[in-house]
Amino acid sequence: MTKTVFFLNGPNANLYGLDDKGTYGSDSFESIQQQCLEHAKSLGLTLDFRQSNHEGVLVDWIQEARLSADAIVINAAGLTYSSVPILDALLAFNGPIIEAHMSNIWQREPFRHHSYISKAATGVIAGLGVTGYRLALSAVSELLK
Ligand code: DHK
């Protein structure tokens with residue numbers, strides 16, 4: 001049976017490609033989503049790719065994943081550095097969790113160096129842009145075998 005992965009994106013991810021500093025590369029969010037959907041398909045995974053600017057919505061989706069997903073890839077974006085509710089929801093999920101960041105968060109401002117959600121993550125990928133997102137899906141595919 002095919003495995004389902006929730007790929008959850010946090011606040012402002014919808015603006016990728018529009019950032020004139022180029023922090024997150026030039027690909028639009030829609031293009032990133034498309035690349036992830038294609039890669040997931042090649043791995044035989046069903047991908048549910050979502051984005052919200054709202055913490056509670058992300059918590060609801062993580063809780064939904066308990067019943068509807070085999071694994072989670074999450075880029076909680078700015079909520080990575082503050083959200084105990086997202087950490088607690090992830091800790092209640094039983095499958096593999098990959099924390100993914102487009103940028104290398106440890107090369108950036110000190111407030112981005114501590115993730116609240118890493119405690120719940122099986123693994124962390126950062127600094128590889130959309131390549132890291134594909135690697136996150138490949139990792140999940142291996143972990144679910
Ligand atoms: C994305 C964001 O929106 C930032 O708030 C994080 C993360 C980093 C990323 O690299 O994907 O600090």
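Bear in mind that the values here come from a model prediction, so they are computed numbers and not experimental data. Atoms within each ligand, like the ligands themselves, are counted from 1 in listed order.
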Is it the side chain (CB and beyond), the backbone, both or neither of H101 that lies under 4.0 Å from ligand 1, heavy atoms counted?
both

Please determine whether side chain to side chain contact (heavy atoms under 4.5 Å, CB included) holds for the pair Y133 and N9, giving the CA-CA distance in whole Å, both sets of side-chain angles, and the decisive distance to 0.1 Å.
CA-CA 11 Å; Y133 281 12; N9 296 275; 3.8 Å; yes

Residue-level breakdown please: for N75 versus ligand 1, do any non-hydrogen atoms fall below 4.0 Å on the side chain, on the backbone, on both, or on neither?
side chain

Parallel, tilted or perpendicular: which one describes the rings of Y16 and F29, with boundaries at 30° and 60°?
tilted

Quick one: look up the protein heavy atom nearest atom 10 (O) of ligand 1 and list residue, atom name and how far away it is.
S103 OG, 2.5 Å

Does some non-hydrogen atom of Y16 fall short of 4.0 Å from ligand 1?
yes

Nearest non-hydrogen contact with atom 2 (C) of ligand 1 belongs to which option: Y81, Y24, Y133?
Y24

Between S103 and T23, a side-chain donor and acceptor under 3.5 Å
no

How many angstroms lie between CD in Q63 and CG in L90, if you round to the nearest 0.5 Å?
10.5 Å

Which ligand 1 atoms does R112 reach within 4.0 Å, using its non-hydrogen atoms?
4 (C), 5 (O), 6 (C), 12 (O)

Quick check for you: to the nearest 0.5 Å, what is the distance between C36 atom SG and I32 atom CD1?
7.5 Å

Is the closest N or O pair between M102 and ligand 1 shorter than 3.5 Å?
yes

Any nitrogen or oxygen of A100 lying under 3.5 Å from a nitrogen or oxygen in ligand 1? Just yes or no.
no

Is the number of heavy atoms from other residues, nucleotides or ligands within 6.0 Å of CZ (R66) greater than 12?
no

Residue pairs meeting salt bridge (charged side-chain N to carboxylate O under 4.0 Å, His left out), one or both in residues 129-145, sequence neighbours left out, come to E142-K145

Please list, in number order, the atoms of ligand 1 under 4.0 Å from a heavy atom of G78.
5 (O)

What protein heavy atom sits nearest atom 3 (O) of ligand 1, and how far away is it?
A77 CB, 3.3 Å

